[in-house]
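Report on one structure; see the data block that follows.
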Amino acid sequence: MSTNQTWTRAIDVADAASNETPVTFMQTSVEDAEVQAHTRSVRVENSMVSGWVPAFRVFGVTRESLSVCAHVHGFLPYLWCATPEHAMLLASERQLTQFTKVLNSIVSEKAEKAVVRVESLARRSVMHHSRDASGVAHLKITLQRASHIAKCRRALLCVENFKSLGLTLPFDLYEADVDCTLRYMVDTGTVGCAWATAPAKAYVLRTAETRETRCAIELDVDHTKLIAHDASVPPYDGIAPLRVLSFDIECCAKEEHFPHPDVDPVIQIASVLAEVPERHEMRRVYTLGSCANIPGATVVACDTETALLRAWSVDVIAADPDMIVGYNVQNFDIDYLLKRAANLRVDDFALFGRVRRKRVESKEATFSSKAMGTRKNMRATVDGRIVLDVMQIVQTEHKLSSYTLNHVSERFLMERKEDVHHSMIAKLHRGDRTTRQRLAVYCLKDALLPVRLLRKLMIIFNLTEMARVTGVPLSYLLHRGQSIKVFSQLLRRANVAGMLLPTHERSAEGEGGDGGVAYEGATVLDAKAGFYEVPIATLDFASLYPSIMRAHNLCYTTLVPRGREHEYAPDELTVTPTGDRFVRSHVHRGLLPAILDDLLTARKRARALIKTTEDPTMRGVLEGRQLALKLSANSVYGFTGATVGKLPCLPISASTTAFGREMIDETRRFVLQEYTVANGYSHDADVVYGDTDSVMVRFGCADVTEAMRLGALAADRVTTLFPKPVQLEFEKVYHPYLLMGKKRYAGLMWTCADRHDKLDTKGIETVRRDNCALVRRTISEVLRRVLLKRDVQGSVRYVQERVRDLLAGRVDISELVITKGLTRDVSDYATRSAHVELAVKKRKRDAATAPRVGDRVPYVILRGHKADKTYELAEDPNDLRAARERMDTVEW
DNA sequence: GAGCCGACCTAT
DNA sequence: TTAGATAGGTCGGCTC
């Protein structure tokens, strides 16, 4: 049904000259910007002196796949503050005016008037329970520009500034750390990737003379007029037809060197223009020098590199993609093209964004979190288009031992790249039109694979639904962490209820500084290690932490500060195992439990809907949604425990884990006490292991069916011991079960008694990325022989054989490659280790190809002398050729 | 060689 | 300016 099966995107709009019809589009990005004001169309509050006004550019796509840019006007940034002394401050209008004047003088520069207004409004903080639901006076300070927020924030924190008003205590700040884009979205009730409508007559279309972007439809609209649609129900729960341009470049480097943009030319670029969710694709390849035809692709042969770069850029503009994708495009391709174009003075090259006069830029950005480690990346800003690097998505979503396109394609698509070795590129380029064709086919394949991955991994559905569920713009999902998503949901919920989020001031030397443990986590039951030949039933609490928070109403808004408990009757409070107190639901239902209720009921609804949905696109959307809902629910607990986050609240997180510890203990106790010979069962049950939310029970019976029956009954009985919505579920049986120790086991998994599902392995070498393939495969085969074939002797023989192979040099190098993550800058390591030493060596050889922070470093250990340290013997298997004979086959 | 600790990665 | 949590196994380097 696509209307755009041509390379050039449609820009002709029937009603282009008027605003008689509403414009409805799915928003893909929201950017704060300065736009040219057209006084006839825009009512600008406190109208600025110049013709440029702050606004939001909302980019999107219509159902007909037309691109849209809405310049949304009139929304002003703000923050809140309050002070213990504010009663005095607010006593009179006069004092408020004076306060405004003082603040303005600090925040404003030159002739501008930064503080637009200060209002005193009744609000309450989300922190701690309060009987007074209506709140007390807080000051809402509205500012002219987003850049004023930080200045204003600093000004308010300095008491000196307000001495003349008689103030002696600093202000408490609220929502001073909310990004202006998120602020706009929250206040206008719009979520990421939502549909929006500019109603007829409520907007002004830009004309050829006033256009700032290359979108098919460009309009100005006031923020109060643009309608935000609910993305969770029809007809605005679908996905617009997006244009995705995937590309890959080839460079011609001096032999055996990594290409450098100062000297090495770009010789080919391949573009694949795909329509998503449709399956239609168009292919173009740009070559330096002639190139033989390629079936199914358009070949654009260029005489010079300048012409090549220009042709590609012009075609991107014509295609007008909503997304630019590729594999490692952020760190390599885009940056390389920009540098190359700058060196060659192809001035118009960088103008392939949607905003006409703005150039595409690439800057370094670092991201670090405990979960992901540190990562340094280049990041390109292409105004109005989303840059989506499939490599980065795969890195955050999947734990793999290698993230090369080859490896990832094989893993997910069962498809390999066209194999052209690096050293061949220059030769093929310098050959003739046929060899260049061979190279072009290779290049095209590398542009096509990211599109295939995008589809296979349902990346667009998943991102779209995550943006909708959590309310953040799509770009946040690509460049920011987990906590912004919870923060967005909390902010929305709080504001609707007339509550404010305190701005968390992080202390310079905070408690629990990095590395330290701030609070106690889950219980891991001692493992009764052994090989179990009778079925082991696994009972799991469903969504344990979300359930606990809902069951006990744990929230910022329900927490009773120490010393204030006497204000409550005993039946109004829950005292948690950590001694913290929270009011019960009947006093006030917390925001976090309410968010969790909604997420989990919405997930049930989405899952039910999948079953009745035929349309594959809508199924994809729903799958993405149920996944987003589940992930969101699970990250709420982590948000409250994130001591370096936006709003940590350890009483909540510590109470949650403490309840969890009690529950796993109580479950264990119940099973041991109830399932006994004395109570009429055939055996005394035993709990052989358990971790956080699960217990592994040996009921003693030899039969899988019987273990399942007992497991299901036991789960139901245990469930009755706990408040709703806590639920213990019987999930599976392991038979047989090999328990090595805590967090290390393997077993044949049965979810129905007819046949086993699979061999499930946890924590053992086979599932760890820091072992070489030989170790993983050998142990994997041992587990298969022991658990599946029940052949212990055979597995011993197998291991002996593999050892003999190794000693005899019959094991391929590829099986001996170890990979480890480079988790920090090489200078920050306290001890020496193989992968770090190798990273240092490689940097000395060629900085461009050396591993960077966040990369995985593959290495093998070479044969050495007794005195050699192992870590000094690491070598990159790719650099090995000459050193192959020296490899120490024993060292693995 | 014992024992401690840093580093990595995984379980939940 | 930015960052979900803690528990815990294994390995190798380092110190004595």
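In what follows, chains carry the letters A, B, and so on, assigned in the order in which the sequence lines appear, proteins first and then strands, with residues in each chain numbered from 1. Just the heavy atoms: all of them, side chains too, but no hydrogens, waters or symmetry mates, feed the values below.
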Would you say the ring centroid of A:H552 lies under 6.0 angstrom from that of A:F659? yes

Could you tell me whether A:S653 contacts a base, only the sugar-phosphate backbone, or nothing, with contacts defined as non-hydrogen atoms closer than 4.0 Å? nothing

With a 4.0 Å cut-off on heavy atoms, is A:V644 in touch with a base, just the backbone sugar-phosphate, or nothing at all? base

Taking CD1 from A:I484 and P from C:dT2, how many angstroms apart are they, rounded to a whole number? 9 Å

Stretch residues 465-483 of chain A: residues that reach within less than 4.0 Å of DNA chain C through a heavy atom: A:R480, A:G481, A:Q482, A:S483

Minimum side-chain heavy-atom gap A:L477-A:L474 below 4.5 Å: yes

I want to check something: taking the side chain as every heavy atom from C-beta on, are A:E731 and A:T751 in contact at a cut-off of under 4.5 Å? no

Please lay out, stage by stage, how A:E465 and A:R468 fare under the test salt bridge (charged side-chain N to carboxylate O under 4.0 Å, His left out). CA-CA 5 Å; A:E465 287 302 311; A:R468 290 173 171 178; 3.0 Å; yes

Which of A:T719, A:D693, A:V695 passes side chain to side chain contact (heavy atoms under 4.5 Å, CB included) with A:L539? Answer is A:V695

Expressed in whole Å, how much space separates the P atoms belonging to C:dG4 and B:dT12? 22 Å

How does each nucleotide of nucleotides 5-12 of chain B score, in 5' to 3' order, for protein heavy atoms under 4.0 Å: base (B), sugar-phosphate only (S), or none (-)? -SSBBBBS

What is the distance, to the nearest angstrom, from the CZ atom on A:R776 to the C1' atom on C:dT10? 16 Å

For A:Y174, enumerate each residue passing the side chain to side chain donor-acceptor pair (under 3.5 Å) test, keeping only those at least two apart in sequence or located in another chain. none

Any A:Y734 side-chain heavy atom under 4.5 Å of A:M749 side chain: yes

Do A:Y476 and A:S488 meet the criterion of a side-chain donor-acceptor pair at a distance under 3.5 Å? no

